[in-house]
Structures are given as C-alpha cells and as structure tokens.
Engineer: 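Supplied in structure tokens, the structure appears directly below.
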Amino acid sequence: QYLNEFEDYRIDMSRSEIYGELYRSINSLPPQCQKVISLGVLEGMNNKEIALHLGISEQTVKNTKGRAIQLLKKNLSTSSLLLAILALRA
C-alpha cells in the first residue's frame, strides 16, 4: 500500500514539474504564439474558435501553432514537449 501511495505521489510530482516547465516555456514565446497556445492548451479551444476569438484566419492559427511547436522543441524536455504536442492536436 505504501509503495502505491509513493508511486502516485511520484507521478503527481513529475506531472507537476512537466506542467511547470510547459507553462514557463509558453510564457517565453512571442506574444501571438502565447495567445494561440494559451487559448488552445489552457482554454481548450479548437483552431476555428481561436481564429474567431483573435480575429485571424484558421490557417494563421495553424501556422502560429507550428511556429510555437518549433520554438518549444528548443526549450522543453521530451516529456513536456510530448504533452504540448498532444494538447495542440485539438
């Protein structure tokens, strides 16, 4: 039982560290990338919703996400990058 509780705690701590790294990296992005990523990842909006919210085209949203992923690749660990990419696929 104690091993299971310890493992759960360890997983929660790792998840917390990964999210912290992701948030710090998002905050280091250029402003437009920050907006698009924040709306997609943090607010759960899809590309069409982001485009309408920001008054830009869906293609601009896609291009901005692509640029953001390239920038995040430089700054994130593998686990955090995978989390970001999965969140951006929506």
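It should be emphasised that the depicted structure is a prediction, and the values quoted were computed from it without experimental measurement.
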Engineer: Could you pull out all residues at least two apart from Ser57 that satisfy side-chain contact (heavy atoms from CB on, under 4.5 Å)?
Structural biologist: Gln59, Thr60

Engineer: Hey, what do you get for OG (Ser25) to CG (Leu71), rounding to the nearest 0.5 Å?
Structural biologist: 10.0 Å

Engineer: Main chain of Asn46, side chain of Glu49: is a donor-acceptor contact present, judged purely on distance under 3.5 Å?
Structural biologist: yes

Engineer: Hey, what do you get for CD1 (Ile56) to CG (Asn63), rounding to the nearest 0.5 Å?
Structural biologist: 9.5 Å

Engineer: Report all side-chain donor-acceptor pairs from residues 30-42 shorter than 3.5 Å, counting only partners two or more places apart or in another chain.
Structural biologist:
residue : atom : partner : partner atom : Å
Gln34   : NE2  : Asn27   : O            : 2.9
Gln34   : NE2  : Leu29   : O            : 2.6
Ser38   : OG   : Gln34   : O            : 2.8

Engineer: With Ile50, which of Lys65, Lys62, Glu43 fulfils side-chain contact (heavy atoms from CB on, under 4.5 Å)?
Structural biologist: Lys65

